[in-house]
Structure formats: C-alpha cells, structure tokens
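Here is the naming used below: chain letters follow the sequence lines, and residue numbers restart at 1 for every chain.
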Amino acid sequence: MNQEQRLELVTKGTVEIIQPAELQRVLEQKKKPRAYWGFECSGKQPS
Amino acid sequence: MHIGTGLVCGAKIKDMVQAGFHFIIFLADWHSMINNKYGGDMEKIETAGEYFKHCFTALGLTEDKVEYVWASELASKPNYWERVIRIAKTTTAQRAMRSLPIMGRDMKTQDVETASLFYPCMQAADIFEMNLDVACAGIDQRKAHVLAREAGDKLRWEKPVALHTPMLMGLAGIQRSDKGSYDEDPKLSSVIAAKMSKSKPENTILLHDSPEIIEDKLRKAYCPPKIVEENPVIEYYSLLAFRANNPVTLDRDQKYGGDLKFSTYKELEEAYKTGEIHPQDLKANMARILADLLRGVREYFDKHPEPLAQMQRLETR
C-alpha cells in the first residue's frame, strides 16, 4: 500500500478531519501511528 | 450494540487497522458512570463493556488486531487526574456545558451534575494519556476533540488529529418536533438529535437482531417515495450497502419489473428519485443486505451466547 492509498483508506467515509495536513504528516512520519475510538458501555437503558 | 456503532464505527476501525495503525478500542466505563448509564452501577457497566468487546470481536476486531483499554485502567494511574485538572484549567465551565452533546445531552440542560463538567476534560485527558496521533469518533463528539486540541496547544502537548464519521440516522428519520440543542449549527444539531440510539429501541437495529426482526423494523421505517433527503433507508444504502464499492442488486418480483442492479450509490439514488424503486423494495432489500452483513455476528453469539445473555438479563432488571 502506497502513501496515497493509505490516506484514501484512512479518510474513507469520514465527514470531518481536523486537520488533513496534520493527518498526512502523521502517516508520513510514523510507521505505526496510534489511534483510538472511545465507547460508553451501555445497552437499551435510557440515560 | 446498534448498527451505527457496529457497522459505521466498526468499518472505520478496520480501515485504520488495515492502514497500519496501532488501534485502541477504549471502553469508557468511568464516563458511562458519570453519564448515569445503569444508574451509575459500575458492575452493570462492566458487563456492558465486556459485551461491547464481544461485539467488536464478532465483527472481526479481535484482540490480536486491536488493543482494548478500560477507562478505569487510566483512572488508576497516578498522573491521570493531574492531566484532567490541567486540561480543566485551559477551558471554562461554560465551554464544558456546551460540550454536553458529547454525552448525548442537550446543551441547554438545567441542573447538570458537576461531574458532567469533568467528562470532556477526561475525554481529552484520555487522548493525551494514551499518547495518540489520531482520535476517532462520530461527528457528535467533535466538541470534545476541539477542546482537546485547544488544551494541547495551551499545555504544549502534542495535539491529536480528529477524525469524524457521520451519524447513522434512526429508523424514524429526522423529527422536526425535536427541539433539542446539540450544536450551534442547526443542521448538525438535528442530525445529532436523529441519530440511531439504543434509548429509542424502535428507532434502532441491533447487531444481533434476527433477519425477521430487521425486516419488521425496516418495514416500519420512515421512507417517503421519491424523496432521498433525510430518508434513513436511502442513507443506509449510502453508508453501508455501497461501502465496499461493489455493485448492489435489488431483488424484485418479475411482475414489478424484475431485479435492478446498481454499480454506484448515485445510480440507486437517481433511480429512487424518479420513482423507479418502490419504498417497499428499497426496505426489503436493505433488510436482506443488513442480515447478510450481520451474519457473522449472529454466528459468533450462537457460539458464545453468555455475554449476550448477560446483557439481556441486565435489560430486563
């Protein structure tokens, strides 16, 4: 996978990136960049 | 877990893993407690967290592909709360109040617990504590990420890139009557208000719903003929059915014209606008597509019924 394909894969389906230039730098400079997604743990219970 | 979390977030996480990221799925138990899930009962929250872990595993995000971290692990580290306070000093209580939508709450809520003001600061602290390059979330979380980036600038901590996915609309579509205030931008506010959410079961398709239940829920979904704007079923084609960039076939009775094949979402959208596709056919096929996408999850929980059973016991108590 080249850099362009990597960037395309990462940005696929997103509605906002803050900021695209910074993301590009992360992909260029880091071999194994770190990312996360946080989830509250709950079921059907209303909050 | 509903299909917004499983299929929209899940797909994006898979992209990131494939792109070579070290990816952390963060089970925010402390944050759930602050947000009064299960009345703040940490034991129930932990059960739900384990269930979430199983759901993601069922979707292919196994422990060799992603790292699972609990908020309580971070909260027990000696410097975590110092981080939270340092971040809290970079922002105001008013700003924290305006971040309530990240908790699924209206910005104008009165009598907010003080702990809710810690929430966005904790979310920011989590990001810096885990030394992240990119923070991913649905667009409804953007206020937390903007706050974190500003804190990073002020504290001279390396700020994360923020990456946001769209909200999946609930089955009922956008309710004009919902006067909730979830963002300064009224369009974004109504998108956040309309999101698929477990607190409205009739509005939500769950990962482990049977094909029959999925069909039934979709049959009742809002789906006006020829109209694609704010049409949840159409949106599911855009965000879910065509995500793999493969053509999609709508099965249709010969007497109504036979099957229709679309190479792109745009083609389907155009056909729907002209009335070439009947809402009934749109819905029935989305039910089939979703059932296919979720087959692996059902098979997983057939083999590992216990975490799902535990969740269902929680729901009925």
Peer 1: Any side-chain heavy-atom pair from A:Tyr36 and B:Ile25 closer than 4.5 angstrom?
Peer 2: no

Peer 1: Name the region of B:Phe52, side chain, backbone, both or neither, that has any atom closer than 4.5 Å to a heavy atom of chain A.
Peer 2: side chain

Peer 1: How long is the span from the CG atom in B:Asp15 to the CG atom in A:Leu9, to the nearest 0.5 Å?
Peer 2: 4.5 Å

Peer 1: So which part of B:Gln18 gets closer than 4.5 Å to some heavy atom of chain A, the side chain, the backbone, both or neither?
Peer 2: both

Peer 1: Can you find a heavy atom in the side chain of B:His164 that is under 4.5 Å from one in the side chain of A:Ile17?
Peer 2: no

Peer 1: Checking heavy atoms, do the side chain of B:Tyr119, its backbone, both or neither come under 4.5 Å from chain A?
Peer 2: side chain

Peer 1: Measure distances from A:Lys30 to the heavy atoms of chain B and classify the residue's part below 4.5 Å as side chain, backbone, both or neither.
Peer 2: side chain

Peer 1: Check whether any side-chain heavy atom of B:Arg149 lies under 4.5 Å from a side-chain heavy atom of A:Gln19, and answer yes or no.
Peer 2: yes

Peer 1: Chain B heavy atoms under 4.5 Å from A:Val10: which part of the residue, side chain, backbone, both or neither?
Peer 2: both

Peer 1: For the candidates B:Ala135, B:Pro160, B:Pro166, which exhibits the highest count of non-hydrogen atom pairs separated by less than 4.5 Å from chain A?
Peer 2: B:Pro166

Peer 1: Relative to chain B, which segment of A:Leu7 carries a heavy atom at a distance below 4.5 Å: side chain, backbone, both, or neither?
Peer 2: neither

Peer 1: Decide if atom CG of B:Asp64 counts as having more than 12 heavy atoms of other residues, nucleotides or ligands within a radius under 6.0 Å.
Peer 2: yes

Peer 1: Contact part of B:Tyr68 toward chain A, heavy-atom cut-off under 4.5 Å: side chain, backbone, both or neither?
Peer 2: neither

Peer 1: Which one, B:Ala28, B:Gly138, B:Ala162, leads in non-hydrogen pairs under 4.5 Å with chain A?
Peer 2: B:Ala162

Peer 1: With a 4.5 angstrom heavy-atom cut-off, is it the side chain or the backbone of B:Glu50 that approaches chain A, or both, or neither?
Peer 2: neither

Peer 1: Check the surroundings of atom CD in A:Glu8: do more than 12 heavy atoms from other residues, nucleotides or ligands lie under 6.0 Å from it?
Peer 2: no

Peer 1: Quick one: of B:Val134, B:Asp133, B:Val161, who has the most non-hydrogen atom pairs under 4.5 Å with chain A?
Peer 2: B:Asp133

Peer 1: For chain A, find which of B:Ala11, B:Ala48, B:Ala19 contributes the most heavy-atom pairs closer than 4.5 angstrom.
Peer 2: B:Ala19

Peer 1: So do B:Val146 and A:Ile18 actually touch side chain to side chain, heavy atoms under 4.5 Å?
Peer 2: yes

Peer 1: Is B:Ser32 close to A:Ser42 at the side-chain level, that is, under 4.5 Å between some pair of heavy atoms?
Peer 2: no

Peer 1: Count the heavy atoms belonging to other residues, nucleotides or ligands that lie under 6.0 Å from CD of B:Glu113, then report whether that count exceeds 12.
Peer 2: no

Peer 1: Taking atom CD of B:Glu184 as the centre, does the number of heavy atoms from other residues, nucleotides or ligands within less than 6.0 Å exceed 12?
Peer 2: yes

Peer 1: Please identify which of these residues, B:Met16, B:Lys12, B:Gln141, meets the side chain to side chain contact (heavy atoms under 4.5 Å, CB included) condition with A:Trp37.
Peer 2: B:Lys12

Peer 1: Can you find a pair of side-chain heavy atoms, one from A:Arg34 and one from B:Asn131, that are under 4.5 Å apart?
Peer 2: yes

Peer 1: Can you tell me if A:Gln3 has over 12 outside heavy atoms packed within less than 6.0 Å of its CD?
Peer 2: yes

Peer 1: Heavy atoms only, distances under 4.5 angstrom: which of A:Met1, A:Lys12, A:Arg6, A:Lys31 has the most pairs with chain B? Name it, please.
Peer 2: A:Lys12

Peer 1: Identify the two heavy atoms, one from B:Gly49 and one from A:Cys41, that lie closest to each other, and give their separation to 0.1 Å.
Peer 2: N-CB, 3.4 Å

Peer 1: Chain A heavy atoms under 4.5 Å from B:Arg142: which part of the residue, side chain, backbone, both or neither?
Peer 2: side chain

